[in-house]
Amino acid sequence: MSEHVRVRFAPSPTGYLHVGGARTALFNWLYARKTGGKFILRIEDTDVERSTQEAVDGLLRDMKWLGLTWDEGPEVGGPHGPYFQSQRLEIYHRYARQLVEKGAAYPCFCSEEELEAKRMKAEEEHRSVHYDGTCRRLSKEEVDRRIAAGEPHVIRVKVPEKDYILDDLVRGKVEWKAETLGDFIILRSSGMPVYNFCVVADDADMQISHVVRAEEHLTNTHRQLILYEALGIKPPVFAHASLILGEDKTKLSKRHGATSVGQYAEDGFLREAMINFLALLGWNEGTDREIYSVEELKERFSLERISKSPGVFDHAKLTWMNGQHLRALPVDQLLPMVEPLLKKAMPEETRLQNPEILRKLVELIQIKMNVLNDAVDVARSFLQAGEPENEEAAAMVATEKSQKLFAALADEFSRCEWVRDGYNAAIKAAGKIAEAKGKDLFMPIRVKITGTCHGPDLVGILDVLGRDETLKRLK
RNA sequence: GCCCCUUUCGUCUAGUGGCCCAGGACACAGCCCUUUCAAGGCUGCGACAGGGGUUCGAAUCCCCUAAGGGGCGCCA
């Protein structure tokens, strides 16, 4: 069975890839990887007005950044293409023709004005606002005549008088009573298919086995079930995950600040952390575990354990989680990630050109970072000499004792061997002369050299700065 | 208005009739470690939406109410 798993992510290219869409994509991808099935990417660009090439490019870029590789879709092709809905029009027409021929769908000549009038009247009379089926009763002759006369028409599907039950993998049984729906449109008068119809046609054509998507599509499933039945095709298994909300508990949108995957990539978040966080937002394996590698998620993911209730996107927790992944990284992996950031931010900083020093620097600052971009501020805080940051710091270096300490230290530093043990001993020796130890010893030195009261390990800083620079700053 | 979904600490969640006067994580507060800040460790704060049932026993099952969300398009 597992080799038949075929899942898809079907975004519409009307904007950037946001975290909600990314999570849907991730759930699908994880399921495919877990089962050894196929993950298909399909671009739903039938809304010509709003779809843009730019959005498609961004979508693909962000998917790649997350590492959500697709087995069939744009750029890679596949046996069920094309993978852009705008290029699949014949397929929709073929399916629509099939339905009309079967008598499961019919042309409708009602104009939008007529329908609007009916809708308003129904509302006034407190009746349900569904299409009344006027054209359903048209004779074959009349239909043929009006089509031949070139009258504009849509295609509607005949909705059977029966209840539908969806057995959703995450929600359980969901039931719709007959008469909650009128005959709905599948083909517009322009000949363009409507969303609910495209989805079914495509999912059927691409032999999708499991439809994993967000809750906003739950009620659409009713129509889709009707369409599958009309087509005589067994529907796929459905799993509806709930929505991701902003801090104010409304559906996550641009108003909530950074919601695009691309933005997080730019802000220095790690792909692994992003995946970890998204996976745990609405899914867990039933344990206390929080930190997972992508590999581990691929092994453990299951559709059944997706949660039903909506979740708030907690930026603070993402940041924490990113820090966890970041600190777990071997320096060899972290280094190439922060190197370009540092060099770009401080092109004049020659120490960054020295591989040995650079490595020491990264080792030193790793523990202080939560996102990659933190590297710049942390490194800058001591690479560049600064005046005391505040009065407290200024007072610390201004005392007579401190002056004595710096003089002694400069002397010791200029003579000692410039290795950790060497300058460590030098600091102690200078401390003895100036009669300072502990905080009183280290703090003034730190402030004198960096200008601030806090930062990474002082000895590590000296290691990065080197003897000449340290002496220069002491004087 | 009609239909559908959801409801455990501020947030993410564990929990599928007794192990739960509810566990973990983020955030917050305090302490420890420490030359500072982080990181780490420990402690604290803090929740079963409300009301009825069922049951010896309910966060867990049923019903009602409320709140939130989604849908009811020739948008996707």
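Chain naming here is simple, since letters A, B, ... match the order of the sequence lines and numbering starts at 1 in each.
Nucleic acid contact class of Val312(A) (heavy atoms, under 4.0 Å, all strands): sugar-phosphate only. Among the heavy atoms of the strands lying under 4.0 Å from Glu216(A) are primed sugar atoms or P, OP1, OP2 only; no base atom is included. Note on Arg305(A): only backbone sugar-phosphate atoms sit closer than 4.0 angstrom, heavy atoms only; bases stay farther off. Here Arg446(A) lies in heavy-atom contact (under 4.0 Å) with a base. Using a 4.0 Å heavy-atom criterion, one finds that Cys108(A) contacts no nucleic acid atom at all. Within 4.0 Å (heavy atoms only), Gly311(A) reaches sugar-phosphate atoms of the nucleic acid but no base atom. Within 4.0 Å of His240(A), counting heavy atoms only, lies no atom of the nucleic acid at all. Nucleic acid contact class of Glu44(A) (heavy atoms, under 4.0 Å, all strands): sugar-phosphate only. Thr46(A) comes within 4.0 angstrom of sugar-phosphate atoms only, judged by non-hydrogen atoms across all strands, and of no base. At a threshold of 4.0 angstrom between heavy atoms, the contacts of Leu218(A) are confined to the sugar-phosphate backbone, with no base atom among them. Using a 4.0 Å heavy-atom distance criterion, Arg223(A) is classed as a sugar-phosphate-only contact. If you check every strand for non-hydrogen atoms under 4.0 Å, Arg327(A) touches sugar and phosphate atoms only. Looking at heavy-atom distances under 4.0 Å, Gln324(A) makes contact with sugar-phosphate atoms alone, never a base.
Of the listed nucleotides (U36(B), A76(B), U6(B)), A76(B) has the atom at the smallest distance from the side chain of Gln85(A). Of the candidate nucleotides G23(B), U6(B), C3(B), U6(B) has the atom nearest to the side chain of Ser309(A). Comparing atom distances between the His217(A) side chain and each of A76(B), G69(B), A38(B) picks out A76(B) as nearest. If you check C3(B), A76(B), U36(B) against the side chain of Trp176(A), the one that comes closest is C3(B). The side chain of Ala316(A) lies closest to A27(B), out of A27(B), G69(B), A76(B).
A donor-acceptor contact closer than 3.5 angstrom links the side chains of Asp45(A) and Ser86(A).
Taking atom P on both C3(B) and C64(B), the two are 12 Å apart, rounded to the nearest angstrom. Atom name P, nucleotides A58(B) and G52(B): the rounded distance is 13 Å, in whole Å. Between the P atoms of A47(B) and A59(B), the separation comes to 15 Å (whole Å). Spacing of C1' atoms, U11(B) relative to U7(B), comes out at 15 Å, to the nearest Å. Nucleotides U60(B) and C45(B) are separated by 25 Å at their P atoms, to the nearest Å. Rounded to a whole angstrom, the distance from the P atom of U36(B) to that of C19(B) is 46 Å. Between G18(B) and C32(B), the two P atoms lie 42 Å apart (nearest whole Å). Here, G44(B) and A22(B) have their P atoms 13 Å apart, quoted to the whole Å.
Heavy atoms of other residues, nucleotides or ligands lying less than 6.0 angstrom from CD of Glu296(A) number more than 12.
Between the CD1 atom of Ile244(A) and the P atom of U6(B) there is a distance of 18 Å, rounded to whole Å. If you take CG of Leu245(A) and P of A67(B), they are 18 Å apart, rounded to a whole angstrom. If you take CZ of Arg50(A) and P of C75(B), they are 11 Å apart, rounded to a whole angstrom. For the pair Ile306(A) CD1 and U6(B) P, the interatomic distance rounds to 14 Å; values are reported in whole Å.
Here the CG-CZ distance, from Asp203(A) to Phe238(A), works out to 7.0 Å after rounding to the nearest 0.5 Å.
Between Asn284(A) and U13(B) there is no side-chain polar atom (N or O) within less than 4.0 angstrom of OP1 or OP2. In terms of phosphate contacts, Ser307(A) brings a side-chain nitrogen or oxygen within less than 4.0 Å of OP1 or OP2 of U13(B). The phosphate of C75(B) (OP1 or OP2) has a side-chain N or O of Arg188(A) nearer than 4.0 angstrom.
When the nearest nucleotides of RNA chain B are assigned to Arg289(A) and Glu112(A) by heavy-atom distance, the more 5′-ward of the two goes with Arg289(A). Remark on RNA chain B: of its neighbouring residues Thr180(A) and Pro456(A), the 5'-side contact belongs to Thr180(A), judged by nearest-heavy-atom nucleotide.
Base pairing analysis places C28(B) opposite G44(B); the two distances defining the Watson-Crick or G-U wobble pair are each below 3.5 Å. Both distances falling under 3.5 Å, in either a Watson-Crick or a G-U wobble arrangement, place U7(B) opposite A66(B). In this structure G1(B) sits in a base pair with C72(B), meeting the Watson-Crick or G-U test at under 3.5 Å.
Here Trp320(A) does not count as stacked on C26(B), because the ring centres are not under 5.5 angstrom apart with planes under 30°.
Between Glu363(A) and Arg359(A), at least one side-chain N (NZ, or NE/NH1/NH2) sits under 4.0 Å from a carboxylate O, which counts as a salt bridge.
The side chain to side chain donor-acceptor pair (under 3.5 Å) search around Tyr292(A) returns Glu285(A), not counting sequence neighbours. Applying the ring-ring contact (aromatic ring centres under 6.0 Å, His included) test to His80(A) and every residue at least two apart in sequence or in another chain returns nothing. Glu272(A) is linked by a side chain to side chain donor-acceptor pair (under 3.5 Å) to nothing, counting only residues two or more places apart in sequence or in another chain. Scanning for salt bridge (Lys or Arg N to Asp or Glu O under 4.0 Å) contacts around Lys177(A) gives Asp163(A), Glu175(A), with sequence neighbours left out.
Near RNA chain B, defined here as any heavy-atom distance below 4.0 Å, the residues from residues 270-283 of chain A are Leu280(A), Leu281(A), Gly282(A), listed numerically.
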### Task
Check the pair Tyr106(A), Asp183(A) against side chain to side chain donor-acceptor pair (under 3.5 Å), reporting the backbone distance first and the verdict last.
CA-CA 10 Å; Tyr106(A) 59 91; Asp183(A) 293 351; 2.6 Å; yes
#### Entry: side chain to side chain donor-acceptor pair (under 3.5 Å) between Asn196(A) and Gln224(A), intermediate numbers included
CA-CA 6 Å; Asn196(A) 278 300; Gln224(A) 294 170 14; 2.9 Å; yes
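Side-chain N/O atoms of Ser189(A) and base N/O atoms of C74(B) include a donor-acceptor pair closer than 3.5 Å. If you check distances only, the side chain of Lys317(A) does reach the base of A25(B) with a donor-acceptor pair under 3.5 Å.
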Please report, to 0.1 Å, the donor-acceptor pairs under 3.5 Å made by any side chain of residues 301-312 of chain A, with sequence neighbours excluded.
unit_1, atom_1, unit_2, atom_2, d
Arg305(A), NE, Asn284(A), O, 2.8
Arg305(A), NH2, Asn284(A), OD1, 3.0

